[in-house]
Structures are given as C-alpha cells and as structure tokens.
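To keep things clear, I will list the structure first and then write my remarks on it.
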Amino acid sequence: MSGYRIILLLSLLLSACTGRQAVPDAMPTCLEELAGHTVAVAGGSSTDLLLSQYEGIDLMRINIGDMPVAVKSGRAEFAMMQEIQYDANQLDAQGFRKCFNGILKGLSAVAFRKDDVGICDEFNSFLREMRASGEYDRWYGNWIHQLDSMVVETEKLPAPTEGRKITVGITLVFPYIFIRNDSLSGMEIDLFNRFCRSKGYCPEYSIVQFPALIPSLNANKIDVILSHIMVTPERARQVLFSDEYMEGSQCCFGLNPEWEKSARAGIWTRTRESTRQNLVEEDRWKLLSGGLAVTLELSLLSLLLAIVLGVLLCYLRMRPKAAASGVTRIFVDVVRGIPVLVILMIMFYVIFAKVHLSGVTVAVFSFGLFYGACFSEVFRTGMLSVDRGQWEAGAAMGLSKMQVFRLIAFPQALKRIVPVFKGDVVSLIKNTSIVGYVAVLDLTSAGDIIRTRTLDAFFPLILVSIIYIILSRLSGGLLDTLDRKLNATK
Amino acid sequence: MTAAVAIYGQLLSIRESIVSNLLTEDRWKMMVEGLGVTLEISLLSLLLATLIGALVCSLRMSRSKVVSHTARIYIELMRSLPLLLLLLVMFYLVFASSGLGKVHIAVLCFSLYFGAYISEIFRSGIEGVDQGQWEAGAALGMGKGLVLRKIVLPQMLLRILPVYKNQMTALIKATSIVGYVSVMDLTKASDVIRSRTFDAFFPLLLTAIVYLLLSWLFGLAVNALEKRLTPKSSTR
C-alpha cells in the first residue's frame, strides 16, 4: 500500500470541511455581558482567576496563541488577551475585532526566588539607570511603534555568552517573547539581554508552560521568570517581584460581524501563499526541522532505554524467587495502569522537579519507563510461548541454561516478539507527540507554534501529519524487514 | 520522640495538602467533574470504537477489492497518525465549524482511532478460527451467518478478549490528552489545581491513583466476562 493514497484520503476528508463560522449578533461591551458565552482565557492567568468569579461565563482554558483559531472556528465566542498582544494589523485583516479593553489593568515585572534578593536589586538598579538615561523610553517606544525594525535590531545584538549563568523561564507570547528566524526575539528578551549585558550575566532561556513557571522557579529549575507576568498579591506570596517595567491591561475580542470575506483565491495561489507564510517566512521551516530532530532523538533514546529496561524487568519477572517476580509484577502493572501523560507530568513536576534536567531528558526517562514496562510483558509472553520441552531437551543434550537460552529459546521467542514489538515501537514514536505538554519543542509543538503565529490551522497540521505518517511507515517497514529476515532463516 | 514529631509533622503537611488542593474553593468538585468527563468520554468511545471496529472489520474482510482496500487505507491512516495530532486535526479542522461539543469531538476522535485497532483485533480473531470450522458448519447445512454466530464468534471472543482488554485500557488512559483542547477531564482538572496551589505532588499522585483504579476495575470487569464466556466443560 502506498503512502500517497493515505495522503489523498486525508486531503479528501479535509476538503469536506468548509469555512462556515458562527458570527455573534452583537459585541459585548463589558465583562458582565460575557455571561452565557464561551470565553477563551490563558489557563492559570489572572484573567482566568477574574472570570472564574463571574457566574455564567463558560471558560475555555487554552494557550494565548490558540485563541484566534478557537474564536475563528467558533469553539470560543470571545477571547481575552493583553491589549498589546492584539496584533491589529494581522487580526483585523482576518475578521477579528476588539470588543472592549482596559480590564485588569496591572503592572508586569520580572520574578525571582524569595531569597534571591541580590540579583533582584541588581535588576532594579538596572531599571532605574535605564529610566534615568532615557534608554527605557527609547526601548518602550520603539518596540510599540516600530516592531519590525526592533526585531531586526535585537537579532544583531545577541544574548551575551559570557558571565554568570542564569536560567530564565519564558513562555512564548507575542510580542514579548517569540521565535523568529529560529532564534528568540521580542520586547522582553531585548530588555533582559540588555540587563545581562550591563550586569555581566549569561542568560540561558528555557521555555516553560505558563502555569508551571512559579513551581519551576521555586523548584530551582529556573532562576528568573520573564513572561510578562502581572504582579498580583497571590503571586507575590510565592515569588519576589522586581520593580514593574510595563503597564498593561486585558482586552476582549471576537469575530467582527461587519467583516466581509474577500473573494477566495485559486487553490494553487492559496497553497503557494500558505507555503510561503508557514514555512519560508521567518525561516519557520527551521522550527519544523528542529522539531523533527527532537522527535527522532526522543524516540530513539526512549526506545533504547525501554528495551534495556524491558529486558531487565522481564528477567526479574521470570525469576523463580516469588519476592523479585512479585515486586516486578506490581511495578509493571502500576506503570502500565497510568497514562503516559500523567507519568510525564509526575516525572517533570515531582520526581525531577528539584534537579536541573532538560525537558527532553525527563521525557526520555518517562517514555523509557512506560514502554520498558510494556516491552517487558511482550518479551515475557514471547519467552513463555517457547515450549518447556525445548528447555528440557536442551538440558538433556548437556547444554547449560545460558546456552539453551541463546541457541534454542531466544531465536524462537524473537520470531513471536517482533510483530507485537513493531506495534509498540510505532506507538512509542507517535506518543512522543505529547511532550509539548511539558514545553519540549518537538514536531507537534513546532507545528503548533507555527499554527498559532500564522493563524492557519490547515497547513501546519496536515504537514506534520504527513511527516508522522512517513515516520511510522518507515519504522514499521524496518521492523517488517527484520520480521521477514527472521522467518526466512527457518 | 523525634521520630514521632517528624511523623506528626508529615501528617500535618498531608492534611494541609488535602485542605489546599481539595477542600479550598471546593476544588474536589473539579476533580469529581473531571473524573465524570473522563468516564463519559471513555465509555462512549469504548462503545462507539467497538461498533466502528466491527463495521470496519466486516468491510476489510469484504470480497469486493475496492471496499476492503478502502478499509485498509483507513486502518493504516489511523495507525500511523499520533492520537494527539488526530485530535488537533478533528478539533481545529474537520469539526472546527460544526456545532458538535468538545466532548463529542473527543469521543469521535478516540472512536475512530481505536476503532481501527479494534477492527484488526476482530479480524485476527476471526482468521484465528480454523477454516475447517466454517467447512464443518457448511457441511451441516448451516448458512454463513449462522456459522459465524453459533460457531466462529464464541471461539473468537474468548481468543480476542485479552487483547481487546489491553486496547480498551489504552483508550481509557489515552483520554488524558483531551486537556490539550481544553476539555476539563481528570488530568486537566489536576493541572488546573496545580497551577492554582503551586503544589504538584498531591494532585498528580491522586490522578495517577484514580487512573490505576479505573484500569484495574475495567480489567476486573473483562475478566468476569471472560469467565462467563468460557464453556463450563472446558478444561482450559
């Protein structure tokens, strides 16, 4: 069966969906009028807390980048984001409109650990110097009014590479922090790089999901939070805020009832335009290829770890000693009874919370553990399927236990293991797609980032799907070849 | 004495965890509702996936080349796409502008995905029954449907139950990813609590235990079914 047919079917399936959208009759003008509507907010943000207190608002907690797509597709009727984040040039042209703004006026600051008073003072003195020299006004004004030229300027002044190391937890939020040309850019990145240059720090940026920022800070995983975080009393109890450097407020937006769609271009022009926007512009293809590399790395390392662990567990499980096999059995059953996603979160937020390990390493441990438990059962059934008589016959011929295993039992077991093993390997590769949950930039989350920047759901999702189809088929094909080779040597 | 104090301190901190993670702001309600959503999605998907599996299996085994080929393409497609990606495609593309609720889209997604796996399980079960059984049935003057119902299905069911159980447990666990499209299931509920209380340990542990119980209970139910299906005279 050829892959192109699958792709054909996929596109047929998708061409069936049309672009109908539910446009609200009237735009709300204040928070009270949101009652009875679905409103998208950033999970765990101050808006989330505020709107939770209103009766009758159906909250949808998603990433800020997903909001336009959610509103456009009618999943949410309205969405709330920072006023400055509402990129009017891009969003108004796509049929969105701000309904009202000025909600939750607040100040944002950088957050440190409670006991890191020294570095907090350094940051505050840097801010004071910046304000006194007028550099602050230039920074603020330029970023607000000439975003594009500032982005280019930031790229010319990269983060310092020498000095005291400092790990900075960030979330990708346009226009404060975003990825362009495969490197970090944005208003706050610019500010923090200036701080590091002036005080002799070497920043290492690490992407963290917004709700995980404060726990990560208090678990010593990161040293600073730089994510346009608003100063609130609840948060101030957990962290040490620097002086505020920016004022902001939330706005609410929805679909513009008066907006009329321009005539659709031909399919060819649209495809070309999509390709340009999603891949070529800002070198976005590099995000995808980087994500693919992470997915491959993650899959291969997890697979290796899982095989080693699987063999070990299988060995322990088949020991005649009741204690060893009993404990292993419970362990395997427990691990297999919990969703991989929950294992991943436990590993990330609990077990390795205090250790500074990269997200990829933690993910490898999680997948290795889960699939190791699965593999151990596959190996065990394979071994059990070899008739006992084979072992006895081997022993009767004077072979040692090890020799019987190597020469007689294992080759027979392998033939039975490979077909089941193949399914599990493919499932491992596919399952790595959930690591976006702990902010690892794999293929799926790379597609997600592109999707949320270009507001085009179709192209990135389909492209990523096609890459996964190719990956699964390649790995499946490889194991099929192995299977055939094994069966040929009968 | 010091040990007693330490244990007392531990108990106090556990109590505090329970209070802040479950009792404050009635957070336990969030967990219970999340569990309800997880159960709803799991049960509905379980039923629908079994139906889809049976349907696709019959299509896949159809004598018409076109039909069996189409079914095969469908199965291959589902087996090579990550579930999360399928969910995103369903949510943001296929059913983006339909009036379907989030939970229903999730149910459809899981059913389509696991239906493909189930159909292959059914097929291997039917093919695992010896050809001679069909022939013997035909020789006794039974129709094809009758042979399937009276002879092949009972044998096949016993054979596929363990694999079926595994796949369905996988389904229950896989529902944990729906938080990605902001469905408030058990995992997402614990995630929301975590982001409020800044305590990762307690909510995650609780979630893990609940999933364990779910998988275990489901396993027990299938085992009971297996026992009932096993013929009494059988010496297996």
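Computed from heavy atoms alone, side chains included, the values below leave out hydrogens, waters and symmetry copies. In what follows, chains are A, B, ... by sequence order, proteins preceding strands, each numbered from 1.
Going from atom OH of A:Tyr437 over to atom CG of B:Asp191 covers 5.0 Å, rounded to the nearest 0.5 Å. Summarising the geometry, atom CG belonging to A:Asn431 is positioned 9.0 Å from atom CG belonging to B:Leu84; distances are rounded to the nearest 0.5 Å. Taking CD1 from A:Ile466 and OG from B:Ser80, the interatomic distance works out to 11.0 Å, rounded to the nearest 0.5 Å. Considering CZ of A:Arg473 and CZ of B:Arg79, their distance stands at 9.5 Å, rounded to 0.5 Å. Distance CG/A:Leu461 to CG/B:Leu93: 5.5 Å, rounded to 0.5 Å.
Neither the backbone nor the side chain of B:Leu83 has a heavy atom closer than 4.5 Å to any heavy atom of chain A. Heavy atoms of A:Ser216 lying under 4.5 Å from chain B are absent altogether. If you measure heavy-atom distances from A:Val334 to chain B, the contacts under 4.5 Å come from both the backbone and the side chain. Looking at A:Asp333, only its backbone comes within 4.5 Å of chain B, counting heavy atoms on both sides. With a 4.5 Å cut-off on non-hydrogen atoms, A:Arg451 touches chain B through its side chain but not through its backbone. With a 4.5 angstrom heavy-atom cutoff, B:Phe91 touches chain A via backbone and side-chain atoms both.
The heavy-atom pair separating B:Val89 from A:Ser465 by the smallest distance is CG2-OG, 4.0 Å. Closest approach of B:Leu85 and A:Tyr468 over heavy atoms only: CD2-CD1, 3.6 Å. Shortest non-hydrogen contact noted between B:Met78 and A:Lys430 is O-NZ, 3.7 Å. Between B:Lys173 and A:Pro339 the shortest heavy-atom distance is O-CB, 3.4 Å.
Between B:Ser176 and the choices A:Ile434, A:Leu341, A:Val340, the side chain to side chain contact (heavy atoms under 4.5 Å, CB included) rule is met once, by A:Leu341.
Taking the side-chain hydrogen bond (donor to acceptor under 3.5 Å, both in side chains) definition, one finds that B:Tyr92 meets it with nothing, sequence neighbours left out.
Across A:Ala40, A:Ser427, A:Ser433, the residue that shares the most heavy-atom pairs under 4.5 angstrom with chain B is A:Ser433. For chain B, the option among A:Leu471, A:Thr444, A:Val350 with the highest count of heavy-atom pairs below 4.5 Å is A:Val350.
Heavy-atom neighbours of B:Lys29 NZ from other residues, nucleotides or ligands within 6.0 Å: at or below the threshold of 12. No more than 12 heavy atoms of other residues, nucleotides or ligands shown are found within 6.0 angstrom of CZ on B:Phe201. Few gaps surround CZ on A:Arg235; more than 12 heavy atoms of other groups in view lie less than 6.0 Å from it.
Within residues 203-214 of chain B, the residues approaching chain A closer than 4.5 Å by heavy atoms are, in numerical order, B:Leu204, B:Thr207, B:Ala208, B:Tyr211, B:Leu212.
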